[in-house]
Protein chains: 2
Amino acid sequence: MTARSSDGNRDIPEATVARLPVYLRALVALTDQGISVCSSEELATAAGVNSAKLRKDLSYLGSYGTRGVGYDVDYLRYQIAREIGGTQDWPVVIVGIGNLGHALANFSGFRSRGFRVVGLLDADPAMAEASVAGIPVRPFADLPAIAAEHGVAIGVIAVPAVAAQSVADAMVDAGISSILNFAPIVLNVPEGVDVRKVDLSIELQILAYHEQRKAVQAL
Amino acid sequence: MTARSSDGNRDIPEATVARLPVYLRALVALTDQGISVCSSEELATAAGVNSAKLRKDLSYLGSYGTRGVGYDVDYLRYQIAREIGGTQDWPVVIVGIGNLGHALANFSGFRSRGFRVVGLLDADPAMAEASVAGIPVRPFADLPAIAAEHGVAIGVIAVPAVAAQSVADAMVDAGISSILNFAPIVLNVPEGVDVRKVDLSIELQILAYHEQRKAVQAL
DNA sequence: AGGAGTTTGTGAACGTGAGAACAAAACGCT
DNA sequence: AGCGTTTTGTTCTCACGTTCACAAACTCCT
Ligand SMILES: NC(=O)c1ccc[n+]([C@@H]2O[C@H](COP(=O)([O-])OP(=O)(O)OC[C@H]3O[C@@H](n4cnc5c(N)ncnc54)[C@H](O)[C@@H]3O)[C@@H](O)[C@H]2O)c1
Ligand SMILES: NC(=O)c1ccc[n+]([C@@H]2O[C@H](COP(=O)([O-])OP(=O)(O)OC[C@H]3O[C@@H](n4cnc5c(N)ncnc54)[C@H](O)[C@@H]3O)[C@@H](O)[C@H]2O)c1
């Protein structure tokens, strides 16, 4: 296939992809403040990065600024949203409705960023009667049905570490190809499935390392 | 000052620091399986990395393996723990005991990795009567007292975005120099204070980006 | 219209990280 | 004791990411 749109299929560096959502959020904040045009310097400050890096990042998407002026906030916001898939609605399932799963189910940030929780699943039958945040909790066995019904591509794992691999396997079998994993374990998944992990302990340990160095340095 | 210990103050690359906790966890798992010696290949597989990378990472700490044999699991575990400050006890405070704060307070992974929750704080006076996970919730104004009493260096922010910056400021004033931030906002802190952020929305958006690419690619 | 002043987009230099490859070191077997 | 086998520690090379610096492009003012 040849290029469908003028610049639709270049690949964006991973580091840039990770920052685009930050820019998006900064742009939303600017809109809320009634600002309709901004320079790379202003946006970079709001996003907590260097302005050169910001401009380079944006240059991977295309040329959406105006020299001597800056960026149109709404226009740039739309372009970034389109690039990272924020203009469409992503159905999401959460597996494991314990302490963390409850918090996630109640998290408003899902909806506002284009993610819709279409299923809460738990292996505990006692759980599968309650409903959280207005969404009924269903037995884990319903995963394939729910995933198929809504065309779910993204799954969140919030079960204990020992159960995480088997949940991941079930998700893959159900056609889910992107997993966000909160369990402190390395998941094994087939080629083509993306996994990202959020690991609280690791974050704290990294902070502790630097904290320890500060203490040693100041001897 | 000259070097106090033979190799105590080289600086370890940031990417390596982020992986050391993963290795540590893998080593604990091996111990639990009764394995006392392992090769870099085995450990790398357990940690989900390349064995060359693992060996290079470990070489920054020192020479703790035996050629032709491998690594002594307990010994290596101790060395990594010492390096990242896991042999000492880090007092931690959590500010914002809402949905997420509750889950964090109940999280067992703190304790088991050398972190001790010494304070739960919330601005809501109604909150400041209950107790979560056996720890009483105290008014936010008590932060300086609690931080001073326990020598807290690490703080966790789990308040809404609008309140996060003011909480961070208060933490810095209270002598906290490492912050783990769950609020979706860029924090402004003075030099010398470390901030790490955990941002669920960003993780999902990164997954969505790749998901979208997969869909386009398979046109 | 033209020139001064801004701000973008990008090429080039620099720094950091990943992985292949191999010499050095330890072990076990004869 | 010596030789082959195993596995570490390290060197070298390449890829990726960051930052600088500046030409190109636009606006505004006279
Ligand atoms: N609580 C936190 O703040 C926190 C923070 C970081 C990471 N984590 C991790 O997140 C995970 C969940 O933590 P939690 O505190 O919510 O635990 P939890 O025990 O409160 O909840 C786990 C839930 O998963 C369900 N479950 C167990 N096995 C299952 C299976 N095979 N299929 C479906 N559901 C299953 C259980 O019924 C339970 O409701 C753990 O791996 C934990 O390490 C938690
Ligand atoms: N719930 C989730 O799963 C989730 C996931 C990712 C990120 N987050 C983020 O974490 C933060 C908390 O989320 P939540 O769902 O727990 O919200 P929440 O509204 O349930 O809880 C917030 C708590 O913070 C307290 N608070 C408000 N202002 C305060 C202040 N100035 N000082 C001290 N305490 C204060 C409130 O009294 C409340 O108890 C938010 O920024 C949210 O975006 C939440």
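First the proteins, then the strands, lettered A, B, ... as listed; each starts at 1.
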For this session: Answer yes or no: is there an ion pair linking A:K214 with B:D194, defined by an N-O contact shorter than 4.0 Å?
Result: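 Yes, this pair counts.
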Exercise. Would you call B:D199 and A:R25 a salt bridge, taking side-chain N to carboxylate O under 4.0 Å as the test?
Worked result: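 Salt bridge between B:D199 and A:R25, a charged N being under 4.0 Å from a carboxylate O: yes.
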Check this one for me: any side-chain N or O of [X] less than 4.0 Å away from OP1 or OP2 of [N]?
{"X": "A:S63", "N": "C:dG9", "result": "yes"}
{"X": "B:R19", "N": "C:dA18", "result": "yes"}
{"X": "B:Y64", "N": "D:dT7", "result": "no"}
{"X": "B:Y60", "N": "C:dT16", "result": "no"}
{"X": "A:N50", "N": "D:dG17", "result": "no"}
{"X": "B:S39", "N": "D:dT7", "result": "no"}

For this session: Evaluate the side-chain proximity of B:R196 to A:L204: yes if any heavy-atom separation is below 4.5 Å, no if none is.
Result: no
Problem set entry | A:I94 and A:F107, any side-chain heavy atoms less than 4.5 Å apart | no
Whole angstroms only, please: what is the [atom1]-[atom2] distance between [X] and [N]?
{"X": "B:K53", "N": "D:dT7", "atom1": "NZ", "atom2": "C1'", "value": "20 Å"}
{"X": "B:Y23", "N": "D:dT8", "atom1": "OH", "atom2": "P", "value": "13 Å"}
{"X": "B:D57", "N": "C:dG19", "atom1": "CG", "atom2": "P", "value": "11 Å"}
{"X": "B:L54", "N": "C:dA20", "atom1": "CG", "atom2": "C1'", "value": "16 Å"}
{"X": "A:Y71", "N": "C:dT6", "atom1": "OH", "atom2": "P", "value": "18 Å"}
{"X": "A:L43", "N": "C:dG9", "atom1": "CG", "atom2": "P", "value": "12 Å"}

For this session: Between C:dT10, C:dT8, D:dT8, spot the one nearest the side chain of A:K56, thanks.
Result: C:dT10
For this session: Mark up nucleotides 23-30 of chain C, 5' to 3', with B wherever a protein heavy atom is under 4.0 angstrom from a base atom, S wherever such an atom reaches only the sugar-phosphate, and - elsewhere.
Result: -BBSS---
Exercise. Closest approach of A:A183 and A:N181, non-hydrogen atoms and distance?
Worked result: N-OD1, 2.9 Å
Exercise. Which part of the nucleic acid, if any, lies within reach of B:A15 when heavy atoms closer than 4.0 Å are counted: base, sugar-phosphate only, or nothing?
Worked result: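 The residue B:A15 makes sugar-phosphate contact but no base contact.
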For this session: Assign B:E14 to base, sugar-phosphate, or nothing according to its heavy-atom contacts below 4.0 angstrom with the strands shown.
Result: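 B:E14: backbone/sugar contact only, no base atoms under 4.0 Å.
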Exercise. Does the ring centre of B:Y64 sit less than 6.0 Å away from the ring centre of B:Y75?
Worked result: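 Here the rings of B:Y64 and B:Y75 have centres that are less than 6.0 Å from each other.
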For this session: Using atom types as modelled and distance alone, determine if a side-chain donor or acceptor of A:T31 lies under 3.5 Å from a backbone N or O of A:L27.
Result: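 Present.
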For this session: By nearest nucleotide on DNA chain D, pick out whichever of A:R55 and A:T16 is the more 5' one.
Result: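 Between the two, 5'-proximity favours A:T16.
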